[in-house]
Structures are given as C-alpha cells and as structure tokens.
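Some notes on the structure that comes next.
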There are 2 protein chains.
Amino acid sequence: MNKDHLYLAKLRDYYANTGVFPPYSGIAKLIGMRSKGGVSAMVKRLANAGYLDVTSDRRIKPQKSFFERELFDYVQAGLPQSANDTLAEPYSIDEYLINTPSRTVLLTIKGDSMIDAGLMPGDVVIVKKGAPAKAGNIIVAIVDGEYTVKYLEARDGQYYLRPANKAYPEIYARDHLEIFGLVVGSFRKY
Amino acid sequence: MNKDHLYLAKLRDYYANTGVFPPYSGIAKLIGMRSKGGVSAMVKRLANAGYLDVTSDRRIKPQKSFFERELFDYVQAGLPQSANDTLAEPYSIDEYLINTPSRTVLLTIKGDSMIDAGLMPGDVVIVKKGAPAKAGNIIVAIVDGEYTVKYLEARDGQYYLRPANKAYPEIYARDHLEIFGLVVGSFRKY
DNA sequence: TTTCATATTGAACGATAGTTCTATATGATG
DNA sequence: CATCATATAGAACTATCGTTCAATATGAAA
C-alpha cells in the first residue's frame, strides 16, 4: 500500500489554506520527504491518478479529483434507511456553484419571505447578474429601487413575484419588472 | 485611473478556472501586456492593495480580497426595504465553509425530515467528522448502522435526535448515540 | 503645450525550481 | 530468509522564472 493518500491529504489541506502549492522542496518538507526527487515521483503518481496536473510551465495545478470530497449518498425517508458511500461527482463548492465569477454576486437573505423555498434568514444566495430567467425560477428583482428575492411567476403573460411564505403578498410591478439576476444557488454556515 | 481592476478581473477568472496563476510571461499575455516587467509592477500594486500575496519562494498566492465577491446586504421583511451594497467579508465559499478538507465530508439530503431547518431534499450538507457537538446542533448520527441528519437534543442528560418536521418521530438510541459528525454548513444549486 | 507622475516596454541577469539518474531504503511475498 | 517491486534519498544539471533598471509611453494638471 502506498502513502500517497496521506500526501494528498496534506496537499489538500495546504492548498485549502493558501491557494497555492509550495515548490517541490517545500512539498518535501510538508509531507515529510527529504528530497525533491521523491516529490517529483509522487507528483507524477498523483497526476496519473487524476488529482494533479502539471502545466507546460511546470506548475502544479489541482485537477477535478483534487477537490473531490467524500460525498455520501444516503436515503432517508422518515426513518433512516440504507446508507452507501457511493461518491459522485467531484466537488469544489465554489466551482460547482459559480461559473462566471465576474458576473456573480452574493446576497444575504433577510426575513422569512422565502422560507418555504428553504431560504432562511442569513443564508447567502448566489446571483448571476443578467442571466435569463423564466417562470418558476427564484430571482432577484428590483422593485421600486429595492432588491428582493422571490419566485418569478407568470399569469396571463404577465410576470409577477411570489414569496415562498403565504404570510406575504404577491408583488405586481407597476409598469415593468426589473430583474437583477437569477438565483443559481445558496449556502449557509452554522 | 488605473487598469488594475481589469487585470484583477482577468486574473480572477483565470484562477477560478485553473486554480493556479500563470508565470509572469503568461500573465502578460493574459492581461494584454507585452512584457514581464509591467506584470511585476502590477503584481506589486495588487499585493499592496491586498489582493495578492507573494510568497518567499516567489509564488503568487491569492489573498482574502482576491476571493471577494460583491455581497449585497438587503433588508427584506415582507415588503422589500432599503438596499445598500455594503460589501462585507470577502468570500471564497469553499474557504468560508470548509476549514479542514481532510476531515470534511459532504452528504446529500434525501427526504424532508429536516425541511423546517431549511434543508431540502437534494441539498448538500457539509459535515465535519468527529467534531464536538452539543444539544441544538445539527449532526449526522449513525443509528443502527445508518446515517441520518437530525438535530441533536438532550433531555434529562440523555441525548436524542429530533427531526425538523413534525411528521417524523424523535429518535432515541437503544444504548448509545453514535455521532458521525457535525453539520457545519450546507449548499444548494438550482 | 509643457510638466510631472505613473505605467509599460524590453533586455540582461542571477536565483532556483523541477528533472534526471543512481544508490539506498522499505516492505510485501514466497 | 531471500527476492522482487516500489518508494525515497541525494546530488548534479539545465531551463526558465521573476527581478531589475533604463528608456519610452501614457495621461492628467498647469
């Protein structure tokens, strides 16, 4: 058995903290090797295994699998049922949620008007500015100059905003509905 | 006025796609400079501005501000209210949600037993294995060999599991409650 | 326009990163 | 124990990366 998974774990933690890889001599120190030669070999192994990539300018760059986290798949329909650790697609959360950083904006949810959609106060939604939206999507609209997160709905060819909380009223725009962006994801920290 | 924000945008998009920075000659090409000297100066400016950091081994590494995304703060208590684009802490979602990758596991929510806690089916929770948990936390427990996500609660010094959905029963462990990990966050993609 | 501050070009230089290779260590298998 | 496969140590080598600096371009202010 080989120790590459240990090395990988250390590289992952290091990269998670710094956003870069150290030079080979630094990697050697990090993983407890005494020489760069071994690092070179190890990097090749990890590259073959799909965790790393060595660019043409001799830089180590993380590959998809590098960001892979164990993703457990478990069924839970009331009472806990079978649990198998099928791990699915690799996940870098950022990469998974955000495609175009320059068009992406984050917005903190305040209030409980979208609570039935699973958006709690304090949650952060990921908004893609200017993305096309259609009925049923959650969007950020600008109503009377104010940002608001709601479902976009259509009735009789007319768009309106619907909260996911029956305690709040639907919102009809006076003349036209200005859509700031499309909500493409959300996250929350406890 | 200077063009650094344009350069920064390009660096951000590049880094978002690849996870590394190109060498200075590559950066020059990327941002439309013809020489490395200018890149060197530009990197220094961005470093001063807190976007980048140059390590002792002459590597460029992203700093906090590099991951900053526009974070809008908006108040929404039923009817949309004031909206100001105060941007708060910088966010790399991964960095924000995950501290120790090697101890972190992702778990997909199935079923609606935690729906009142804003965890919908399909949401992914971020689980820190073996982290200390106390009553009131959302945890992943192993009950009869099965994984389940629930609130951890205590009554009379006895721990039990509480679903966030009144349609489901509380769960009392037969002998002892095995806690797999603490739920430290969650995310969702639409 | 002239002046001044700042940004970029372009080339030469020195440091050092990663490669490569052989020798040694490690550890599984019979 | 002996054998074999694999991983690491260690040192020498070369490519190339980022620095530096003078010269030039850019652009705002007087």
Side-chain angles (χ1 to χ4, degrees), chain A residues 1-68 101-102, chain B residues 1-68 101-102:
Chain A
M1 200 49 194
N2 91 30
K3 292 188 269 176
D4 285 357
H5 62 285
L6 287 177
Y7 300 153
L8 180 60
K10 288 189 177 166
L11 284 173
R12 286 209 241 234
D13 285 354
Y14 186 95
Y15 185 88
N17 285 326
T18 64
V20 282
F21 293 106
Y24 280 28
S25 53
I27 295 181
K29 192 152 45 172
L30 178 71
I31 66 177
M33 278 189 187
R34 294 199 196 151
S35 169
K36 298 186 293 175
V39 174
S40 180
M42 185 269 286
V43 167
K44 271 183 195 135
R45 273 175 272 136
L46 289 182
N48 268 326
Y51 293 105
L52 298 175
D53 207 12
V54 180
T55 69
S56 57
D57 21 31
R58 297 182 307 167
R59 270 174 163 65
I60 303 175
K61 106 184 189 190
Q63 269 211 319
K64 280 232 170 103
S65 309
F66 186 82
F67 294 109
E68 198 170 273
S102 51
Chain B
M1 199 49 193
N2 90 30
K3 293 186 269 175
D4 285 357
H5 61 285
L6 287 177
Y7 300 153
L8 181 60
K10 288 188 178 167
L11 283 173
R12 283 209 241 235
D13 286 352
Y14 186 95
Y15 186 89
N17 285 328
T18 63
V20 284
F21 293 106
Y24 280 30
S25 53
I27 295 181
K29 192 151 46 171
L30 178 71
I31 66 176
M33 278 190 187
R34 292 198 198 154
S35 170
K36 299 185 293 174
V39 174
S40 180
M42 185 267 285
V43 167
K44 273 183 194 135
R45 273 174 272 136
L46 289 182
N48 269 327
Y51 292 105
L52 298 174
D53 207 11
V54 180
T55 70
S56 57
D57 22 31
R58 297 183 306 169
R59 272 175 162 62
I60 303 174
K61 103 182 189 190
Q63 271 210 319
K64 283 235 169 100
S65 310
F66 187 82
F67 294 109
E68 200 168 88
S102 53

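The sequence lines fix the lettering, A, B, ..., with proteins before strands; numbering per chain opens at 1.
- Rounding to the nearest 0.5 Å places CZ of A:Arg59 at 15.0 Å from CG of A:Leu52.
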Requested in this report: Quick one, give me the B/S/- string for nucleotides 7-14 of chain C, reading 5' to 3', where B means a protein heavy atom under 4.0 Å from the base and S means that only happens at the primed atoms, P, OP1 or OP2.
Outcome: SSBB----

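- When every heavy atom of A:Leu11 is checked against every heavy atom of A:Met42, the shortest pair comes out as CD1-CE, 4.4 Å.
- What separates NZ of A:Lys44 from C1' of D:dT6 is a distance of 15 Å, to the nearest Å.
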Less than 3.5 Å apart, which donor and acceptor atoms pair up between the side chains of residues 24-38 of chain A and the rest of the protein, not counting sequence neighbours?
{"unit_1": "A:Ser35", "atom_1": "OG", "unit_2": "A:Gly37", "atom_2": "N", "d": "3.3"}

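- Annotation: the span from A:Tyr51 atom OH to A:Arg12 atom CZ amounts to 6.0 Å, rounded to 0.5 Å.
- Applying the salt bridge (charged side-chain N to carboxylate O under 4.0 Å, His left out) rule to pairs touching residues 39-49 of chain B yields B:Asp4-B:Arg45, sequence neighbours excluded.
- At whole-Å resolution of the value, CG in B:Asp57 and P in D:dG18 are 11 Å apart.
- Within the helix from C:dT1-D:dA30 to C:dG30-D:dC1, the inter-axis angle between the opening and closing five-pair segments is 40°, rounded to 10°.
- Under the side-chain hydrogen bond (donor to acceptor under 3.5 Å, both in side chains) criterion, A:Thr55 pairs with A:Asp57, not counting sequence neighbours.
- Within the structure, a side-chain polar atom (N or O) of B:Ser40 is placed less than 4.0 Å from OP1 or OP2 of D:dT19.
- Residues meeting the side-chain hydrogen bond (donor to acceptor under 3.5 Å, both in side chains) test with A:Tyr15, sequence neighbours left out: B:Tyr15.
- Applying a 4.0 Å cut-off to non-hydrogen atoms, none of the residues of residues 20-31 of chain B approaches DNA chain C.
- The two atoms that bring A:Pro62 and B:Val20 nearest to each other are CD-CG1, 4.2 Å, heavy atoms only.
- Distance check, rounded to the nearest 0.5 Å: CG of A:Leu46 to CG of A:Asp53 gives 12.0 Å.
- A:Leu46 places its CG atom 11 Å from the P atom of D:dA7, with the value rounded to the nearest Å.
- Ring-centre distance between A:Phe66 and A:Phe21: below the 6.0 Å cut-off.
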